[in-house]
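Single-structure report; data block below.
The first residue in the sequence is number 1, and the count goes up from there.
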Amino acid sequence: MSYLFAPPAVVSVPVMGLTEGFPVHRIYCVGRNYEEHAKEMGFTGREPPFFFLKPADAVVVAVPGQITSVPYPTLTNNLHHEIELVVAIGTGGSNILAADAHKHIYGYAVGLDMTRRDLQNDMKKQGRPWCIGKAFDHSAPMGPITPAAQVPNINQAEIALKVNGKDRQRSNVSRLIWNVAETIEQLSAAWTLQPGDLIFTGTPEGVAAVVRDDLLAGSVQGLEPIEVRLA
């Protein structure tokens with residue numbers, strides 16, 4: 001079939017040790033999935049998980065060993081950082097049991113769920129979707145994917161973010177309210193997961209505003225760290 005114009009290039013993320021890239025299908029994000037972050041956002045307890053999506057082309061690949069420039073978005077004066085463990089799905093499926101979730105995981109990466117907090121809060125007050133606050137251009141910087149077999153202790157990994165060299169967020173993946181396996185079970189009941197899906201699993205406490213020229217250094221133990229500067 002011919003097209004009226006050239007279709008967009010496939011969005012892909014590098015894989016550590018491979019020349020082939022990981023083609024991105026969808027980006028799913030889990031909201032308020034660390035207890036202390038839920039509290040700082042005004043919520044408590046183990047509420048049922050909820051999800052929102054970002055477009056695949058929101059991904060900005062942070063090159064290992066380099067500082068990657070990410071533009072400060074339009075329409076906001078309150079851009080927040082949210083450091084997250086990203087799960088890359090290699091085998092799709094629906095109604096996946098938590099006990100089988102590991103069979104569907106290709107690997108993991110470090111990601112940032114950048115958030116136009118002022119716009120998100122406005123949408124919340126009006127009972128409207130969050131898309132303008134979450135799903136904007138360049139809102140999902142992330143590092144390369146490490147195959148799952150190389151990080152067997154990912155569920156006990158330290159997760160952290162520094163801004164201009166100072167700690168902002170620091171926690172452990174073990175503190176997820178809904179762990180990776182449970183998240184996959186819940187997600188796959190609502191959507192059929194596909195190879196190429198990315199799951200941003202939630203952020204710990206310490207989210208705060210960043211401004212132009214800030215340097216964000218994100219890490220998850222065992223994975224390639226990322227460095228992003230807001231331009």
Is the side chain of T68 donor-acceptor paired with the backbone N or O of V63 at a distance under 3.5 Å, no angle test? yes
Give the C-alpha distance, both sets of side-chain angles, the deciding distance and a yes or no for side-chain contact (heavy atoms from CB on, under 4.5 Å) between V30 and W178. CA-CA 9 Å; V30 189; W178 296 92; 5.6 Å; no
Would you say N179's side chain and E182's backbone share a donor-acceptor pair under 3.5 angstrom? yes
Would a hydrophobic clustering, with Ile, Leu, Val, Met, Phe, Trp and Tyr connected at side-chain separations under 4.5 Å, put L79 with L119? no
How about T76 and N78: does a side-chain donor come under 3.5 Å of a side-chain acceptor? no
Hydrophobic cluster identity match, L187 and I89, side-chain contacts under 4.5 Å: yes
Would you say the side-chain atoms of T115 pair up with the backbone N or O of D113, donor to acceptor, closer than 3.5 Å? yes
Compute the centroid of each ring, for F50 and then for W130, and state whether the two points are separated by less than 6.0 Å. yes
Please say whether the positively charged group of K54, taken as NZ for Lys or CZ for Arg, lies over the ring of Y28, i.e. under 6.0 angstrom from the six-membered ring centre and within 45 degrees of the axis. no
Would you give the length of the straight line joining atom CD1 of I105 to atom CG of D100, rounded to the nearest 0.5 angstrom? 11.0 Å
Answer yes when D214 and R229 have at least one side-chain N-carboxylate O distance shorter than 4.0 Å, and no when they do not. no
Candidates Q169, E82, E84 - the one meeting side-chain hydrogen bond (donor to acceptor under 3.5 Å, both in side chains) with T203: Q169
Which residue, L193, D197, V87, T91, forms the side-chain contact (heavy atoms from CB on, under 4.5 Å) with H104? T91
Please check if F22 and V110 belong to a single hydrophobic cluster, counting links between Ile, Leu, Val, Met, Phe, Trp and Tyr side chain heavy atoms closer than 4.5 Å. no
Is the backbone of N155 close enough, under 3.5 Å, to the side chain of S174 for a donor and an acceptor to pair up by distance? no
Hey, could you give me the CG/CG distance between L216 and N164, rounded to the nearest 0.5 Å? 7.5 Å
Passing candidate, side-chain contact (heavy atoms from CB on, under 4.5 Å) with M114, options V210, V60, V70: V210
